[in-house]
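Scroll down for the structure; my scribbles are underneath it.
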Amino acid sequence: MRKLLKYLNDYKKESVIGPLFKLLEACFELVVPLIMANMIDIGIRNQDTGYILRMGSILILFAVLGLACSLTAQYFAAKASVGFGTALRHDMFRHIQSLSYAEIDRAGSATLVTRITSDINQVQSGVNLVLRLFLRSPFIVVGALIMAFTISVKLALIFVVAVPLLALVIYGIMVVSIPLYRKVQKLLDRILLSTRENLEGIRVIRAFGMQGRERDENAKFLAAQMLVGKISALLNPATYIIVNVATIAIVWFGGRETYAGGITQGEVIALVNYMTQILTALVALSNLIVS
């Protein structure tokens, strides 16, 4: 980890500014449901068009500020991650040049090509995601939970049950899919080796003799890629089932609380929005961890 962080030494400013602007954007997102609640409970309930327009203007302002913060964070995160990838790629290329022929043969030229291209691109993308989401996603989850408790302690208990279930589903899918991604990476190395041999002008007779093995390798790669894709595809429906059930519970019990005078209709809508924000943040965090 220290070796990886040294490549960000020249981008300390970008590595700090990016996450800070993402946290600022998250703050705007957490306030928006409360403004919506006030629009419903005060403006729409009292048919106060002026109040609705004022709150709508604030929402538009928050949307513009959030977009500006997001673009700023993305700019600095991209600048830091691209610089990180460039430095890492140069360092790795320099290291490969220092290897002996025996070491290159032992590691495999196909593996080295994969490491210096797709693997570094993956790491670069991971750094970008870390700078943008590593602080934002937990902040959104914790902030939404706190805001839910400020609205209604009883209904916030639904969040206390739903969030661990979401985290458990996401964790289970990650535990299963990450080893499969490693397997796919190894198969990709073998396919790259076969492709490289063909491009280097391997003898025609040998090329035809290896076609069967290469077809088998491609079939294995396809099967592994399809399997890990299907498992990863379970993430959205599984999490949305939990969120939809939690949303139904919020609306059901929130309706009772509203009828009893415990909370308002706008606050029920705000709780539903907070549940959606938690889902989005957890899914983004899972993609970050897998990457």
Rounded distance (nearest 0.5 Å) linking atom SG of Cys27 with atom CZ of Phe62: 10.0 Å
Validation row: Gln124, Val82 side chains within 4.5 angstrom (heavy atoms): yes
Worked verdict on Glu29 versus Arg136 for side chain to side chain contact (heavy atoms under 4.5 Å, CB included): CA-CA 11 Å; Glu29 287 188 23; Arg136 180 185 181 277; 2.5 Å; yes
Gln265 CD: over 12 foreign heavy atoms closer than 6.0 Å: no
Verify same cluster id: Val268, Val243 (apolar side-chain graph, 4.5 Å): yes
Heavy-atom donor-acceptor pair, Thr280 side chain to Thr276 backbone, under 3.5 Å: yes
Spacing of Ser152 atom OG and Glu257 atom CD [to the nearest 0.5 Å]: 5.5 Å
Donor-acceptor under 3.5 Å (Ser70 side chain, Leu67 main chain): no
Whether Phe76 and Phe21 hold their rings parallel, tilted or perpendicular, with breakpoints at 30° and 60°: parallel
Between side-chain atoms of residues 39-46 and protein atoms elsewhere (two or more places apart, or another chain), which donor-acceptor pairs fall under 3.5 Å?
unit_1 : atom_1 : unit_2 : atom_2 : d
Asp41  : OD1    : Thr264 : OG1    : 3.2
Asp41  : OD1    : Gly266 : N      : 2.8
Asp41  : OD2    : Thr264 : OG1    : 2.4
Asn46  : ND2    : Ile42  : O      : 3.1

Distance, nearest 0.5 Å, that separates CD1 of Ile120 from CG of Leu88: 4.5 Å
Heavy-atom pair of closest approach, residues Leu24 and Cys69: CD2-SG, 3.5 Å
Heavy-atom pair of closest approach, residues Leu135 and Pro19: CD1-CB, 3.8 Å
Test log, rule side chain to side chain contact (heavy atoms under 4.5 Å, CB included), inputs Val141 and Gln277: CA-CA 8 Å; Val141 173; Gln277 288 182 359; over 6 Å; no
Closest heavy-atom pair and its distance - Ala270, Pro33: CB-O, 3.6 Å
same_hphob_cluster(Val245, Trp252) at 4.5 Å side-chain heavy-atom cutoff: no
Verify same cluster id: Val251, Val163 (apolar side-chain graph, 4.5 Å): yes
Student check: side-chain heavy atoms of Ser15 and Leu131 closer than 4.5 Å: yes
Check: Leu53 main-chain N/O paired with Ser57 side-chain donor or acceptor under 3.5 Å: yes
Where Ala281 and Ile140 come nearest, the two heavy atoms and their spacing: CB-CG2, 3.7 Å
Reported CZ-to-OG1 distance for the pair Arg89 and Thr86, which is rounded to 0.5 angstrom: 6.0 Å
Check: Phe149 and Val160 side chains under 4.5 Å, non-hydrogen atoms: yes
Ile151 vs Leu34 side-chain heavy atoms within contact, under 4.5 Å: yes
Interatomic spacing from OG1 in Thr258 to CG in Leu155 - rounded to 0.5 Å: 8.0 Å
Side-chain (Tyr259) to main-chain (Gly254) donor-acceptor, under 3.5 angstrom: no
Side-chain heavy-atom pair Leu279, Leu166 within 4.5 angstrom cut-off: yes
Shortest non-hydrogen contact between Ala246 and Ala162, atoms and distance: CB-CB, 3.9 Å
Student check: side-chain heavy atoms of Tyr274 and Leu145 closer than 4.5 Å: no
Considering all heavy atoms, the nearest Ala78-Asn128 contact: CA-ND2, 3.8 Å
Arg132 and Glu25: CA distance, side-chain angles, deciding distance, salt bridge (charged side-chain N to carboxylate O under 4.0 Å, His left out) verdict: CA-CA 11 Å; Arg132 291 190 295 113; Glu25 179 201 3; over 6 Å; no
Candidate pair Ser98 and His95, rule side chain to side chain contact (heavy atoms under 4.5 Å, CB included), full reasoning: CA-CA 5 Å; Ser98 67; His95 176 70; 4.0 Å; yes
Close side-chain approach of Lys13 and Lys79, heavy atoms under 4.5 Å: no
Side chains of Met275 and Leu271 in contact at under 4.5 Å (non-hydrogen atoms): no
